[in-house]
Amino acid sequence: MPGVKSGDSATYGQVNASWKSSTAPVSPVKDLLGVSSVAVAVLNVVGNSVTARQTYTYPNGTTRVIVWVEDIRSGTGNMSSAIEWIIAGSLASPDRIYDSSSASTIGKTVQGVYAGSVRTVSIINSTQPEPGGFCKFLRIWDQNTGLLLGFALNYTVSNGNYHVSASASAQMNQTNAWVLPGHAGTRLPSPFLGLALFLAAAIGSASVYALHVRRRLIESL
């Protein structure tokens with residue numbers, strides 16, 4: 001069941017994204033390129049269905065807004081296929097984030113301080129090797145609400161004639177889901193300390209792979 005309610009919101013700062021390619025396939029991080037912050041506001045919750053407004057803000061002050069609807073039990077809807085901004089509440093290791101045998105499994109559940117409160121969080125830290133490349137993906141959610149707390153993604157594939165690399169990361173720095181709006185700054189807990197190290201390790205390890213592209217993986221992200 002959804003852990004969020006109508007009116008809950010979260011803002012993500014320190015957004016970083018890069019994309020390099022010798023051709024022009026669909027970028028798995030295209031929505032985050034050039035973005036300075038992302039805000040997610042829950043508009044409605046009916047049964048397992050969550051409707052949310054997502055606002056991307058750019059350094060020059062312009063914004064781009066989308067509204068998505070997602071069944072957080074089945075994972076069906078038009079929420080970003082690469083990043084699950086909201087999942088069901090009360091999930092814990094080793095639950096799957098959706099009712100599907102192909103859904104990602106929560107690797108561990110720990111505690112940390114977020115937005116002024118001690119929160120139990122669910123973490124997936126995965127490495128998916130592919131012929132010719134890899135995808136490393138760290139995701140952290142608040143267990144009670146299912147709100148995404150932060151993520152870091154690094155993806156690289158290549159062969160003699162083709163090369164693509166993508167990386168992205170962001171972390172929640174404001175929410176009204178468990179503290180008053182005027183006191184919603186986030187203090188970074190231990191799980192987030194690994195974000196920068198995660199990306200640095202992912203980027204540094206790219207050169208050890210013998211890379212051969214499968215464009216299907218890029219599009220599926």
Side-chain angles (χ1 to χ4, degrees), residues 1-15 17 28-32 35 37-57 63-109 112 114-117 119-126 137-153 168-181 184 186 191-192 220-221:
M1 291 293 292
V4 293
K5 63 185 182 300
S6 178
D8 285 349
S9 64
T11 301
Y12 302 83
Q14 301 183 35
V15 179
V29 298
K30 61 183 177 62
D31 288 342
L32 297 169
V35 170
S37 67
V38 179
V40 177
V42 178
L43 302 179
N44 195 28
V45 178
V46 178
N48 292 315
S49 179
V50 175
T51 302
R53 180 180 63 247
Q54 194 149 355
T55 304
Y56 297 86
T57 301
T63 60
R64 178 170 59 89
V65 178
I66 63 171
V67 174
W68 50 257
V69 181
E70 185 83 359
D71 185 311
I72 52 82
R73 181 174 181 176
S74 66
T76 58
N78 65 327
M79 182 171 57
S80 168
S81 59
I83 303 167
E84 301 90 351
W85 297 92
I86 299 175
I87 61 173
S90 302
L91 298 181
S93 176
D95 292 337
R96 294 186 183 274
I97 59 175
Y98 299 122
D99 284 351
S100 170
S101 60
S102 62
S104 300
T105 300
I106 294 171
K108 60 181 177 179
T109 303
Y114 295 83
S117 299
R119 309 295 296 179
T120 302
V121 303
S122 296
I123 299 174
I124 298 177
N125 191 357
S126 62
F137 203 1
L138 170 66
R139 288 162 288 175
I140 306 173
W141 294 272
D142 177 62
Q143 183 191 42
N144 185 50
T145 63
L147 282 169
L148 182 73
L149 296 170
F151 72 92
L153 166 70
S169 62
Q171 58 194 43
M172 181 194 288
N173 57 10
Q174 188 173 4
T175 185
N176 67 357
W178 53 83
V179 293
L180 295 176
T186 299
F192 267 136
S220 69
L221 287 171

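Here, residue 1 is the first one in the sequence, and each next residue gets the next number. Reckoned from all heavy atoms, side chains included, excluding hydrogens, waters and symmetry mates. The structure presented is a predicted model; accordingly, all values stated were derived computationally and were not measured.
Atom CD1 of residue I86 and atom CG of residue L147 lie 5.5 Å apart, to the nearest 0.5 angstrom. Atom CG of D95 sits about 8.5 Å away from atom OG1 of T105, to the nearest 0.5 Å. Atom CD1 of residue I72 and atom CG of residue L91 lie 8.0 Å apart, to the nearest 0.5 angstrom. Note that CH2 of W141 is 5.0 Å distant from CD of E84, once rounded to the nearest 0.5 Å. Put simply, CD on Q171 and CZ on F151 are 10.5 Å apart, with the number rounded to the nearest 0.5 Å. Here the CG-CD1 distance, from L32 to I83, works out to 5.0 Å after rounding to the nearest 0.5 Å.
Of all non-hydrogen atoms in V29 and A168, the two that sit nearest each other are CG1-CB, 3.6 Å. The two residues A92 and S122 come nearest to each other via the heavy atoms CA-OG, 4.2 Å. What you find for Y56 and V38 is that their closest heavy atoms are CD2-CG2, 3.7 Å. Of all heavy-atom pairs spanning I124 and I106, the tightest one is CG1-CA, 3.7 Å. Residues S104 and R139 come closest through the heavy atom pair OG-NH2, 3.5 Å. Shown here for A170 and Y12, the closest heavy-atom pair between the two residues is CB-CB, 4.4 Å.
With D71 contributing its side chain and T76 its backbone, the two residues share no donor-acceptor pair below 3.5 Å. N125 contributes no side-chain N or O that, together with a main-chain N or O of K108, makes up a donor-acceptor pair within less than 3.5 Å. No donor-acceptor pair closer than 3.5 Å links the side chain of T55 to the backbone N or O of V65. Side-chain N or O atoms of R96 include one that pairs as donor or acceptor with a backbone N or O of S101 at under 3.5 Å.
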Would you give me the side-chain donor-acceptor pairs under 3.5 Å for residues 40-53, sequence neighbours excluded?
none

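The side chain to side chain contact (heavy atoms under 4.5 Å, CB included) test applied to N144 returns R119, D142, not counting sequence neighbours. A search for side chain to side chain contact (heavy atoms under 4.5 Å, CB included) contacts involving S6 returns nothing, not counting sequence neighbours.
Residue R73 places its CZ atom among 12 or fewer non-hydrogen atoms of other residues, nucleotides or ligands, all under 6.0 Å distant.
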